[in-house]
Amino acid sequence: MERMKKQALINLGTEWFAEKGWKPFEFQLETWDAYLEGFSGILNAPTGSGKTYALLIPILLDYIRCNPKYAEEKAEGMNAIWITPIRALAREISLASERAIEAMGLAWQVGIRSGDTSTSVRKKQLTNPPQLLITTPESLHLLLASKGYRNFFGNLGTIVIDEWHELMGSKRAVLAELALSRLKSLLPALQIWGISATIGNMDQAMSVLLGSGESTMPNKIIKADIQKKIEVVTVLPDEIEKFPWSGHLGIHLLSKVVPIIQQSGSTLIFTNTRAMCEIWYQRLLDVAPDLAGLLAMHHGSISREIRDWVEQSLHSEKIKAVVCTSSLDLGVDFRPVESIIQIGSPKGVARFIQRAGRSGHQPNAVSRIYFVPTHSLELIESCALRQAIDDGQVEERIPYVRSFDVLAQYLVTLAVSDGFDAVETLEEVRSTFSFASISEAEWQWLLNFIVTGGKALHQYNEYQKVRRDPDGLFRVHDRKISLRHRLSIGTIVGETSMIIQYQRGKRIGTVEEWFIAQLRPGDTFWFAGKSLELIRVQGMTAEVKKSKKKKGKVPSWLGGRIPLSSQLAQYLRLKVAQSREDAYAEPELEKLIPLTELQDRRSHVPLIDEFLIEYFQSSEGYHLLFYPFEGRYIHEGMSALIAWRIAQIKPISFTIAMNDYGFELLSDAPIPIEEALENELFNTIDLSADIQASVNSIELAKRRFRDIASIAGLVFKGYPGREKKDKYLQSSSQLFFEVFTDYEPDNLLLRQAFEEVFVFQLDETRLRTALDRIQFQKIILSQPEKATPYSFPIIVDRTREKLSTERLADRIRKMKLALERE
DNA sequence: GACCTGCTGCGGGGTG
């Protein structure tokens, strides 16, 4: 048979769509075309838009083109890999692709390779690979850790990476980049496609995915022009006077949330924390007992079985509403729900849009999201969100670069399987976005690290993992090391947690060690919506039974804090100004008028070109408040910096408190703020040096180092079922930190810890931008009689969280040095 | 290194 024309192939795909009563969208046809022309690229499409078929179909069509006798013969080898960031998506993609394969009459098999795949299936896959393999970045690395993997990937033509926006900002993307660099080098014609929701740095997303290097294919970004209308409905309190100035639970509006759930066919209620999720679930059932059996709960610490049940029940409409955390952001592409409720700030525009998009899936349907503020100032946030959506402003994802921990792990992965050649591998590694700048010296350090353990650890055998063989290849020869390495592949370092299970063995979920440690047998606590009595603790398992008691602690987990994004922050400042200038334009701002007026009367409401500082005295001491509206993380760095700079003028020690809107410096002595302002308090000239001096970066880096040590393979987390305790992981990673600091200060992993602190935690770039902005604003130094509506939440927060500045002795010593310099 | 509000995600005992 002659080579089929591209158009004929596309017609074939279109026919298949027609059989199902579908019509391809413009972007799908565009993708088919680009794929068949040999392009790599990124497909920018929202969930539920048919993005999967946009790439599955052309992969199959291309196979037909290259293998004219497709229908008669069994396809040979693996043709395509589909990577998903979560296992639950693999099942869906597998079903979708099986449908398409069958309809086109291809002799293709679809296989899933993830942590759920049984050993026997894995073995079969290695000798007889499926034509389409659906897997995760981690499992792909496990394949690269298998002997003879070159044959396995021999026929590979395409890799698709789904939800690339989700991976982009994490070290899992670095795993993907490295695996791709290896496969691209094995298969120069490999086509690579990413699927991504809209992010602010789409071009960069493509650079990260495709990397550089000679074999880079012609590439393209295809945008699915599916504009969804999003309607933001704020649930307004009746009387703003009775609405709290601070708080995070939002339970005051419970009675207004119930009717929304009752009147909708199905509802998702997004909360910001797992504890909040538990509390809302209970309270909803308290006030609306008719929801019993129709309301469920879903968060990351609830067991996989229960979560699967919840997802399926929602899909089959057995239940009506689910209270959840971001555990339902991704994954199960279930039937769209009718209403979405967001409780408290979503902290970012993209997250809010993604959640809203869970409703109103029909073309032209409006996605409606109800926003439930948890305190007064969040009313401004809902206006900010609405405006940001209208302006199409979404966040960027910052890719990790120079993550040497991941690279060290990857090199051992290659050494575990067939070994690697240093020259060839360096070239591949350099073709990735993450390691484009790696120097020869850094590369040699890494090789030395995996071979000898490096300068600090060369006396210990267990860190001498890899050997350079006479043929020049680097290999692992010790079976124990290989095994331990396979068990440690990946970049997610979680808390070790305790399993909660009934006496008969059914698992309900997990909580953190410290929470159970504070309970005694017989105590009750709430979990997964149930009142449970602790019976006994055995190893890492806590046995419980159901309890009738109504009172009990609700567990909290030490999750990461979600920082307010700079996009949202920018709109927040805009809307703060509007609350003073044009409050009647928006119902939320109008509602807020009494509060805005009070703030303006007592102090000031800043316009967009103004920067507000409040200074007042109370029985607690002297309060100095700043309102950059930049989010907690930035405030953390900025407050330490400002405190340090003021202390250069007059030796004072501060207690620092902050939230997403501003921060407070509290002192028992008067603060020379005017003088500080005259001395250019916000300048960015010596910023890096001043940050170094003001922030306790060693402590921050030490915490970062825990993950780095684990990813780089310095700390072994234990065999499955026999995990080591957190205390062990913490103390051994700290030990490494100290050993390196003392004996090998130029250790690359140690340096990486500090770099991560400055890039991701203190976010120096954003801090600089914020300070530059403030320098151009008009400083309003207001001296209210007492606390203002803006300052109140921060002051309340302080009673919870106390961060004192560095020890006074250190401070004085440093200042003396500074004085001597001049 | 905690708990005072604080998310999510992966992997797993094999030499063709």
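Order of the sequence lines sets the chain letters (A, B, ...), proteins ahead of strands, with each chain counted from 1.
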### Query
Expressed in angstrom and rounded to an integer, what is the separation of A:Arg304 atom CZ from B:dC10 atom C1'?
12 Å
#### Entry: Presence of A:Arg486 side-chain N/O under 4.0 Å of B:dG13 phosphate oxygens OP1/OP2
no
### Task
Under 4.0 Å between any heavy atoms, over every strand shown, what does A:Gly490 touch: base, sugar-phosphate, or nothing? Just pick one.
nothing
### Task
Could you check whether A:Leu175 gets within reach of a base, just the sugar-phosphate, or nothing at all, counting any heavy atom under 4.0 Å?
nothing
### Message
Apply the syn/anti split at 90° from 0 to B:dG9 and say which one it is.
### Response
anti
### Query
If you pin A:Glu138 and A:Pro555 to their nearest nucleotides in DNA chain B, which one's is more 5'?
A:Pro555
### Query
Looking at CZ of A:Arg355 and CD of A:Gln342, how far apart are the two atoms once the value is rounded to the nearest 0.5 Å?
5.0 Å
### Query
Counting only side-chain N and O atoms of A:Arg87, is one of them less than 4.0 Å from OP1 or OP2 of B:dG11?
yes
### Rounded distance in Å between the P positions of B:dC10 and B:dG6
23 Å
### Message
Below the 4.0 Å mark, does B:dG6 have OP1 or OP2 next to a side-chain nitrogen or oxygen of A:Ser556?
### Response
yes
### Message
Once you apply a heavy-atom cut-off of 4.0 Å, does A:Gly300 come out as touching a base, just sugar-phosphate, or nothing?
### Response
sugar-phosphate
### Task
Scan A:Lys347 against the nucleic acid and name what it touches under 4.0 Å (heavy atoms): base, sugar-phosphate only, or nothing.
base
### Separation of B:dG12 C1' from A:Arg113 CZ (nearest whole Å)
10 Å
### Query
So what does A:Glu513 hit on the nucleic acid, given a heavy-atom distance under 4.0 Å: a base, only sugar-phosphate, or nothing?
nothing
### Query
Got a sec: does the NZ of A:Lys724 have more than 12 other heavy atoms crowding it under 6.0 Å?
yes
### Task
Please determine if A:Asp405 and A:Lys171 form a salt bridge, counting it only when a charged side-chain N lies under 4.0 Å from a carboxylate O.
yes
### Query
What is the nucleic acid contact for A:Tyr719, judged by heavy atoms within less than 4.0 Å: base, sugar-phosphate only, or nothing?
base
### Task
Select base, sugar-phosphate, or nothing to describe what A:His141 touches, counting heavy atoms under 4.0 Å on all strands.
nothing
### Task
Could you tell me whether A:Arg355 contacts a base, only the sugar-phosphate backbone, or nothing, with contacts defined as non-hydrogen atoms closer than 4.0 Å?
nothing
### Query
Using a cut-off of 4.0 Å on non-hydrogen atoms, how would the nucleic acid contact of A:Arg172 be classed: base, sugar-phosphate, or nothing?
sugar-phosphate
### Task
Tell me whether the OP1 or OP2 atom of B:dG13 has a side-chain N or O from A:Arg484 closer than 4.0 Å.
no
### Message
Side-chain N or O of A:Arg706 versus OP1/OP2 of B:dA2: is the shortest distance under 4.0 Å?
### Response
no
### Task
Classify the side chain of A:Thr325 versus the base of B:dC7 as yes if they form a donor-acceptor pair under 3.5 Å and no if they do not.
no
### Message
Over all strands shown, is A:Ser482 touching base, sugar-phosphate only, or nothing at heavy-atom distances under 4.0 angstrom?
### Response
nothing
### Query
Is it true that atom CD of A:Glu738 has more than 12 heavy atoms of other residues, nucleotides or ligands lying nearer than 6.0 Å?
yes
### Message
In this structure, how many angstroms lie between the C1' atom of B:dG9 and the CZ atom of A:Arg274, rounded?
### Response
12 Å
### Query
Between CG of A:Leu143 and CZ of A:Phe153, what distance do you get to the nearest 0.5 Å?
4.5 Å
### Message
Check this for me: A:Arg507, atom CZ, are more than 12 non-hydrogen atoms of other residues, nucleotides or ligands nearer than 6.0 Å?
### Response
no
### Task
State whether A:Ser139 places a side-chain N or O below 4.0 Å from either non-bridging phosphate oxygen (OP1 or OP2) of B:dG11.
yes
### Task
Remember a base hit wins even if backbone is also touched, and classify A:Lys553 as base, sugar-phosphate or nothing at under 4.0 Å, heavy atoms.
nothing
### Message
Under 4.0 Å, counting only non-hydrogen atoms across every strand here, what does A:Ser114 touch: a base, just sugar-phosphate, or nothing?
### Response
sugar-phosphate
### Message
Expressed as a whole number of angstroms, how long is the span from A:Arg479:CZ to B:dG14:P?
### Response
8 Å
### Query
Taking 4.0 angstrom as the limit, do A:Asp660 and A:Lys347 come out as a salt bridge?
yes
#### Entry: Separation of the C1' atoms in B:dG13 and B:dG9, to the nearest angstrom
25 Å
### Query
Would you say A:Thr136 reaches B:dG11's phosphate, i.e. side-chain N/O to OP1/OP2 under 4.0 Å?
yes
### Task
Grab the CG-C1' distance between A:Asp418 and B:dG14 for me, whole Å please.
14 Å
### Query
Are A:Arg122 and B:dG12 close enough that a side-chain N or O sits under 4.0 Å from OP1 or OP2?
yes
### Task
Take the protein atom NE2 of A:His165 and the nucleotide atom P of B:dT8, then report the distance between them rounded to whole Å.
16 Å
